[in-house]
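Report on one structure; see the data block that follows.
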Amino acid sequence: MAEKQSTGTQVQLKDQFVTAIVVTHDGVTWLSEVVASLSSQKHKVDQIIAVDNGSNDGSVKLLTNAGIEVIKKSRRNGFGAAVAAAVAKLPPADYESNQQEWLWILHDDCAPDRYALAKLLEAVVARPQVGIAGPKILGWYDRKHILEAGISITENGTRWTALEDREHDQGQHDEVKDVLAVSTAGMLIKRSLFEELGGFDPSLELFRDDIDLGWRAHIAGHSVVCVGEAILYHAEAASSERRSVDVRDAILHRPLLLDRRNAAFVLLANSSWWILPWVAIQLLFTSIGRSIIYLLAKLPGYAADEIAAVALLIFKPADLIKSRRYRKSSKVLTARVITPFIPSRGVQLRSIVERISSSLVNAFKPNRADGEITRAKNYSDIGVIDESFDEIEYAPSKSFSKIRSLVKQPLLLGILLTLFISLLYSRNRFGSLSGGALAVAPASAFELITSYVNSWHLVGLGSSAAAPAWIPIIGIASFVTAANPQSFIAALFFLTPTLLFVLSYRTARRYSLTKYSSVFVAFIYAFSPVTLAAINQGRIGTIVIALLLPGLFTLLEKNRGLENLTWRKIFSITLVAAVAGAFSLLFLLAWTLFHVSVLTYTYFTLSKWRTRNWQQILKNLDTDEVKKRAALIFTPLLINVPISINLLLNPLQQFVSQGFQLSQLTHFRYFSLIQADQAHLLYLFWHHLFFTY
């Protein structure tokens, strides 16, 4: 059917001249299939030019052996610069002829279906106003998974596809539809439009350059369409970190950092000047919110990426100013023409809820690992051989009763039980919590954060002492509950058993325990007397310590010495320890004393520890273990300055739980206020450390 439809417009298609531009960067894993897919197109490509950005594998050799011209560029060359280099090699365009010249831009990890180019050309020939067209993109490894059918961007910089989570292709996006932009993987663009817009923005070396180009095309008066019947398979090797990102702007080769930076750049460079302040505020608070979520998920590297992405734009505004000035030259229409393509907040919220619910269902779906994925075992998907070669047979799935399915998923069962027990246990505690060691929280997160930076605190008769570091942490975290600390603390106390269960279960699984053994350990930990006493007495410090200890157990892997841990993991450990120390100075002091003792013991076990030669002493200290141990000692102390200084100068005066008024205490009551529950948790942690190292 596809072949008949494509042959019906042969007369018009003859006037279309297509140059395929393939950009490669260590893509030999996928490149052979890409070359095969180009050679099998029903509408033949007129010429192919490849640009290699410093590949270290066999990409150049493979392309050369296939008879494709290769332009060699630097490894740090951007994607847009590579495409511009290929266009510069073309002869000058003849705009007076009837022939329309197109550029078909391809990645080295995307293989178009054999009808892809024909379908794209049929769509653009029937729509003269279209300047850019793109295919429907499916997964490389799961060829029923729809990755994109046109793309857009939200007001906070999120890449928007309007697809369901892991949506499967059933022909539901086969129409030709107007979109804001299409991916550079398979983008078909008029050469005249490409040169009119000046190509891709050089400030966007990788990621989001497709959305920026589509946005500028709309402003210039052209249309962008996605042709659903044109199919392309994409591995997304760069964004999924299957290969290194080496462009100049990719600091530390972090794709997420570059993606977030470029997303903010696209919004700030293309938005109207009068809404720029609102866009900037949204980007800032979105980055802070994502950073908190990544920290809660124990992904400090991704959290740092979010903050660094905004910082890059703040400290390098010259590129942004230059790009905004350049866009004025090709601007024909107002920026409002792209408004229909920006998803509303209601649509975004509904999509988020659907993805969360779908993720929860899939996470606890029985035998989900046994499900088959439609993988490409040969070239039949792209038309090199006949489709009937590898017919896939689907085995009927077994059905289980709901109860049996629940028993087979002990994690889900444990979560439901802990939530049910917490609901019964906390039925009289809904609303604002206070009492015991828990002080009354203000109604606003901003008020709580402001109290931290104030020079005078209304504690007892008043105090000028520094406020504890846990105050701004609670204030920032309460943005999850609409900046209401009272609601956040109430939710934290209610969800503590469930969170402890999940975290301890995951830690136990990391230590090779079976699922049911892990559930038993997690239940014991979640409903231990220490946890229940801390909830009853309002000891938020103990609760936070209990929540963070499983993460430390996971990061401090068993039977691995400190010298074998990466610096990234050391950073994660120090960050978790610093947060724990902010809530419990007893923990911070014990943490410091323990690592100082181990560092001292390590030094005295050296063969030349008695030396008084400064060069030899410095040589003894110049080891990875000493450096990492020093980082574990000093980083939590520095993060908790000035409280940590007071702790070191007056250690006994700091053993007071949050909520007690220091002015009402006497020296004889210090030891009675030392929290036995925190001491018990610390005993378990140090016992683990001694047996680990």
Side-chain angles (χ1 to χ4, degrees), residues 1-24 27 30-51 62-71 83 86-87 89-91 93-94 97-128 130-138 176 182-194 225 227-234 376 378-387:
M1 178 64 68
E3 189 172 3
K4 291 180 180 179
Q5 291 176 352
S6 61
T7 55
T9 55
Q10 284 297 318
V11 176
Q12 293 175 306
L13 294 183
K14 287 181 180 180
D15 295 332
Q16 314 302 314
F17 185 90
V18 179
T19 300
I21 300 175
V22 183
V23 180
T24 63
W30 311 276
L31 197 54
S32 58
E33 187 167 342
V34 176
V35 173
S37 67
L38 286 175
S39 63
S40 66
Q41 291 297 305
K42 289 301 180 180
H43 182 95
K44 298 300 180 182
V45 179
D46 295 286
Q47 64 177 336
I48 303 174
I49 299 177
V51 183
L62 189 153
L63 292 168
T64 304
N65 292 340
I68 299 174
E69 178 186 0
V70 181
I71 302 173
V83 176
V87 175
K89 292 281 291 185
L90 300 175
D94 185 7
S97 66
N98 294 328
Q99 193 176 56
Q100 181 65 257
E101 190 170 354
W102 295 87
L103 305 175
W104 196 21
I105 302 172
L106 297 163
H107 299 184
D108 57 2
D109 60 344
C110 69
D113 175 82
R114 55 181 167 180
Y115 297 110
L117 181 58
K119 290 296 181 182
L120 289 172
L121 290 175
E122 288 176 11
V124 297
V125 165
R127 299 166 179 82
V130 171
I132 301 176
K136 177 169 65 176
I137 301 179
L138 306 181
V176 179
V182 294
S183 172
T184 51
M187 174 188 289
L188 185 70
I189 180 172
K190 290 179 180 178
R191 180 182 176 183
S192 57
L193 175 59
F194 184 86
V225 297
V227 184
E229 291 186 342
I231 304 298
L232 179 140
Y233 306 101
H234 193 196
N378 45 51
Y379 293 143
S380 66
D381 284 330
I382 56 174
V384 179
I385 61 176
D386 189 73
E387 300 100 321

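Since the model is a prediction, treat every value here as computed from it, not as a measurement. For this chain, numbers begin at 1 and follow the sequence in order.
In this structure, CZ on F194 lies 12.0 Å from CD on E101, to the nearest 0.5 angstrom. Separation of atoms CD1 (I231) and CG (L138) is listed at 5.0 Å; rounding is to 0.5 Å. The structure places CG of L117 at 10.5 Å from NZ of K44, a figure rounded to the nearest 0.5 Å. With rounding to the nearest 0.5 Å, the separation of CG in L106 from CG in L232 is 7.0 Å. Interatomic distance, NE2 of H107 versus CG of L31, reported as 13.0 Å (0.5 Å rounding). The CG atom of D108 sits 11.0 Å away from atom OG of S32, with the distance rounded to the nearest 0.5 Å.
Using a 4.5 Å heavy-atom cutoff, the side chains of V124 and V227 are not in contact. Counting heavy atoms from C-beta outward, V70 and T24 have side chains that stay 4.5 Å or more apart. Here the side chains of L103 and L90 are in contact, with some heavy-atom distance below 4.5 Å.
The environment of NZ in K89 is sparse: at most 12 heavy-atom neighbours from other residues, nucleotides or ligands sit within 6.0 Å.
Checked by atom type and distance alone, the side chain of E69 never pairs as donor or acceptor with a backbone atom of V51 at under 3.5 Å. A donor-acceptor pair under 3.5 Å links the side-chain atoms of D46 to the main chain of V18, judged by distance alone. Using a distance-only test at 3.5 Å, with no hydrogens or angles considered, a donor-acceptor pair links the side chain of W104 to the main chain of G186.
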When you look at K119 and D113, which way does the side-chain contact (heavy atoms from CB on, under 4.5 Å) test go after all the steps?
CA-CA 10 Å; K119 290 296 181 182; D113 175 82; over 6 Å; no
Evaluate the criterion side-chain contact (heavy atoms from CB on, under 4.5 Å) for residue pair V125 and D15; output intermediate values, then yes/no.
CA-CA 10 Å; V125 165; D15 295 332; over 6 Å; no
Using side-chain contact (heavy atoms from CB on, under 4.5 Å), reason through W102 and L120 one step at a time and then give a plain yes or no.
CA-CA 11 Å; W102 295 87; L120 289 172; over 6 Å; no
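When all heavy atoms are compared, the tightest approach of A116 to Q41 is N-OE1, 3.7 Å. Minimum interatomic distance between I71 and A86 (heavy atoms only, all atoms of both residues): CD1-CA, 4.0 Å. The minimum heavy-atom distance between S183 and I137, with the atom names listed, is CB-CD1, 3.6 Å. Between R114 and S40, the closest heavy-atom pair is CB-O, 3.4 Å. A pairwise comparison of heavy atoms in Q16 and Q100 identifies OE1-CB, 3.3 Å as the closest pair. When all heavy atoms are compared, the tightest approach of C110 to H234 is CB-CD2, 3.8 Å.
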